[in-house]
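Take a look at the structure set out below.
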Amino acid sequence: MWTYMTTFSPFLLKIRNDYVFFRATQLVLRGRLQISRPRTSLTRVRNNWIQPLGHDTGLKTYNSLTKQKEPLILAQEGIATWYSCGPTVYDHAHLGHACSYVRFDIIQRVLSRVFGVSVIHVMVITDIDDKIIRRAIEESISPTVLARMYEEEFKNDMLALKVLPPAVYLRVTENIPQIVAFIEGIMRNGHAYATKQGDVYFDIRSIGDRYGKLMGASDLASEPGDTEKRDSRDFALWKASKPQEPSWSSPWGKGRPGWHIECSTIASSVFGSQLDIHSGGIDLAFPHHENEIAQCEAYHQCGQWGNYFLHSGHLHLKGSAEKMSKSLKNFITIKDFLGSYSANEFRMFCLLTKYRSAIDYSDTSMNEARSFLATIAAFNHDAKAYMRGQLQCQAVQEEALWELLAQTKSSFVQALADDFDTPRAVNAIMTLIYQGNRNLQPITKPDGSPRSPAVFGAILAYIRDVFEVLGIDLVDIKEAHSVNCSGTLENVVEQLARFRTEVRAFALSVEDVPPGVPSHVRPRPHPDRVPLLKACDKLRKDLAPLGVHIKDRGTNSTWEISQKRPAYQQDK
């Protein structure tokens, strides 16, 4: 059995997970991998939730079915089957969508790269819907063309936010025969009925008090529909065609699928009668996920289809109690957002709150995320300068830093094992950085203390690895490539900075104290060398707008090339 440890190697986990993921995904999508089922009696029942038997991951996660944390137990060792509701592609994706997808991307990365669980993730693209039809009519284009256009934009947005794609995207319109067959199965089992108009509805009363597993009530709000519905809460599985609407053939006449049935069908077509994890925004819990559960359990005739439902909290604009949404017209598109902030900054913004908590978006909260990244970058710069011998410090508390590094590794894993508590995990890393910075206070002259570069190398390697696991690149790959493609620029800056350091050290040297001068009188710099010192300062200031930042530390200096482009290049 693959177990996790308080120290881990993301590289080794990635090799192992890539292979397991590749093979398992192939088999599942070909219908050749059967998820193992419990062979003995069920272990525990709480709030109509049955704790599954299988392979305990050692993690706990908040389950919306029980409203509390539960042990995460997977049917297949080392594999998590995961279904998520994708976008309805009729408009631009906004930050509310981005927040949910980035948060769950973080969880999937953690499962895979920290705990050795390969995630087989399937996402549906809703490419036929009332909203798509209305927008297509407004713009006088085909619903298919409209949907494909916004689907492509959504995928590009996810790529820009560094969200790992699912194993497969599945479109509703490419699964109509499967949806019709799924509806027929529900009808055969006595849980759906057709009307004279050619609509098909799910019969909520046929499952009694089993309806309402997520919301905990059997008298939930109804949705509009045919007057021939047996119960106002019954919801559409198939909608009879209307003029100017796309339609498909079915045993009940021309029509199209209802919203909820698409997810039940597609998830079942890939994963069968049992699903480990289902995710989505909290706004989807009712009616969408509630109705998915009812449909799947009616079709498969099982007591529990999805074992864990994970819901992310809403994104609010600061000062607003309402979620960000297209219907309220209070949204910021992902493309517009990325014109002001980076994907790394948004991901850090998401990491600083628990995934299931509501989150306030504002310039202040984004600047806080930016500040965290700046602190990490500054420590990375100073620690490397110390390792190169460019930064002189007092004796480093090496033993204490080694011990803190070990504690941080343990705290990081423990936090993530407790319902993917990213704020606590990030706090453990920032504490390590804070203590590292305390040991990097510069001194003017070497005091003969022994150097400890190895511990800082280990800390930097660990920080790089854990943030790579979380999806944050501490080095912008594109800019790094353009800067380092030949190494020429770095070599030029290194020579320039070295020459400036020598000139500055010469300018800072003091006059010899004449004999007989009292000892309390401080030596003075050579007056004729002051212009050299001013020239060094001017060079440092002139280089900054060009992305070359020099920091003076006593008589020594360090430098770095920033990833931000100079202002004159911004609009090219």
Side-chain angles (χ1 to χ4, degrees), residues 35 37-38 42-77 79-85 100-101 103-112 114-115 117 119-122 209-218 220 260 263-264 267-268 271-297 300 302-314 353-358 414-425:
I35 304 300
R37 302 287 181 252
L42 297 168
T43 58
R44 183 173 47 150
V45 179
R46 182 192 293 118
N47 298 343
N48 294 321
W49 179 72
I50 306 166
Q51 178 175 295
L53 291 180
H55 300 269
D56 194 334
T57 61
L59 288 77
K60 285 194 173 182
T61 188
Y62 186 89
N63 192 351
S64 294
L65 289 167
T66 63
K67 308 298 186 292
Q68 66 182 40
K69 295 178 188 178
E70 302 289 355
L72 180 59
I73 300 172
L74 304 176
Q76 186 80 3
E77 182 179 6
I79 296 174
T81 55
W82 186 310
Y83 180 82
S84 65
C85 301
S100 181
Y101 292 122
R103 282 169 150 181
F104 287 124
D105 177 71
I106 290 168
I107 291 176
Q108 290 179 1
R109 287 170 179 266
V110 166
L111 278 173
S112 175
V114 178
F115 299 107
V117 175
V119 178
I120 303 178
H121 178 205
V122 171
D209 60 5
R210 288 173 55 200
Y211 186 73
K213 285 189 173 184
L214 282 173
M215 303 305 292
S218 58
L220 298 167
H260 318 298
C263 288
S264 293
S268 294
F271 298 123
S273 61
Q274 186 179 72
L275 176 69
D276 290 321
I277 299 171
H278 195 308
S279 66
I282 187 62
D283 53 313
L284 295 177
F286 182 83
H288 190 48
H289 294 168
E290 194 77 75
N291 292 346
E292 277 187 70
I293 293 171
Q295 291 167 156
C296 286
E297 293 181 0
H300 296 295
C302 62
Q304 183 165 291
W305 167 64
N307 289 331
Y308 300 89
F309 275 77
L310 276 56
H311 290 109
S312 60
H314 285 149
T353 57
K354 294 184 178 181
Y355 74 93
R356 54 190 175 89
S357 300
Q414 288 174 12
L416 295 178
D418 183 13
D419 195 31
F420 311 103
D421 192 341
T422 57
R424 185 151 57 98

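Only this structure's heavy atoms are used, side chains among them; waters, hydrogens and symmetry mates stay out.
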Under the rule for ring-ring contact (aromatic ring centres under 6.0 Å, His included), what residues qualify as partners of [X], not counting sequence neighbours?
{"X": "F420", "result": "none"}
{"X": "F104", "result": "none"}
{"X": "H288", "result": "W259, H260"}
{"X": "Y83", "result": "H278"}

Starting at [atom1] of [X], measure out to [atom2] of [Y] and round the result to the nearest 0.5 Å.
{"X": "N307", "Y": "Q51", "atom1": "CG", "atom2": "CD", "value": "10.0 Å"}
{"X": "L65", "Y": "I293", "atom1": "CG", "atom2": "CD1", "value": "5.0 Å"}
{"X": "Q295", "Y": "C263", "atom1": "CD", "atom2": "SG", "value": "9.0 Å"}

Holding to side chain to side chain donor-acceptor pair (under 3.5 Å), I want the full list of residues that pass it with [X], two or more places apart in sequence or in another chain.
{"X": "N63", "value": "none"}
{"X": "W82", "value": "S279"}
{"X": "D421", "value": "R424"}
{"X": "R356", "value": "D419"}

Are the side chain of [X] and the backbone of [Y] linked by a donor-acceptor contact shorter than 3.5 Å?
{"X": "E290", "Y": "K213", "value": "yes"}
{"X": "S264", "Y": "E292", "value": "yes"}
{"X": "Y62", "Y": "K67", "value": "yes"}
{"X": "E77", "Y": "H55", "value": "no"}
{"X": "T57", "Y": "L72", "value": "yes"}

Tell me the closest heavy-atom pair linking [X] and [Y], and the distance in Å.
{"X": "I277", "Y": "A80", "result": "CD1-CB, 4.5 Å"}
{"X": "D56", "Y": "P71", "result": "OD2-CB, 4.3 Å"}
{"X": "A417", "Y": "G58", "result": "CB-O, 4.4 Å"}

Item checked: Ring-ring centroid check Y308 W49, cutoff 6.0 Å ->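 Between Y308 and W49, the centre distance is under 6.0 Å.
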Taking the side chain as C-beta and beyond, is there a heavy-atom pair between [X] and [Y] under 4.5 Å?
{"X": "L214", "Y": "F286", "answer": "no"}
{"X": "H314", "Y": "S100", "answer": "no"}
{"X": "L416", "Y": "F115", "answer": "yes"}
{"X": "L74", "Y": "I79", "answer": "no"}
{"X": "L284", "Y": "F309", "answer": "no"}

Note to self: Restricting to salt bridge (charged side-chain N to carboxylate O under 4.0 Å, His left out), what partner residues turn up for R210, sequence neighbours left out?
What the structure shows: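 Testing R210 for salt bridge (charged side-chain N to carboxylate O under 4.0 Å, His left out), a comparison that skips the adjacent residues, returns E297.
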Item checked: Residues which pass salt bridge (charged side-chain N to carboxylate O under 4.0 Å, His left out) with D105, listed by chain and number, not counting sequence neighbours ->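 By the salt bridge (charged side-chain N to carboxylate O under 4.0 Å, His left out) rule, D105 matches R109, R347.
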Check: Going through the checks in order, is the side chain to side chain contact (heavy atoms under 4.5 Å, CB included) test met by L111 and L59?
Finding: CA-CA 9 Å; L111 278 173; L59 288 77; 3.9 Å; yes
Item checked: Step-by-step side chain to side chain contact (heavy atoms under 4.5 Å, CB included) determination, W305 to Q274 -> CA-CA 5 Å; W305 167 64; Q274 186 179 72; 5.8 Å; no
Next item on the list: Check side-chain contact (heavy atoms from CB on, under 4.5 Å) between T353 and all other residues, then give those that pass, not counting sequence neighbours.
Entry: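 With sequence neighbours excluded, T353 shows a side-chain contact (heavy atoms from CB on, under 4.5 Å) to R103, I359, given in chain and number order.
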Next item on the list: Check the pair Y355 / I106 against side chain to side chain contact (heavy atoms under 4.5 Å, CB included), numbers first and verdict last.
Entry: CA-CA 9 Å; Y355 74 93; I106 290 168; over 6 Å; no
Checklist line | Worked verdict on H311 versus D283 for side chain to side chain contact (heavy atoms under 4.5 Å, CB included) | finding: CA-CA 8 Å; H311 290 109; D283 53 313; over 6 Å; no
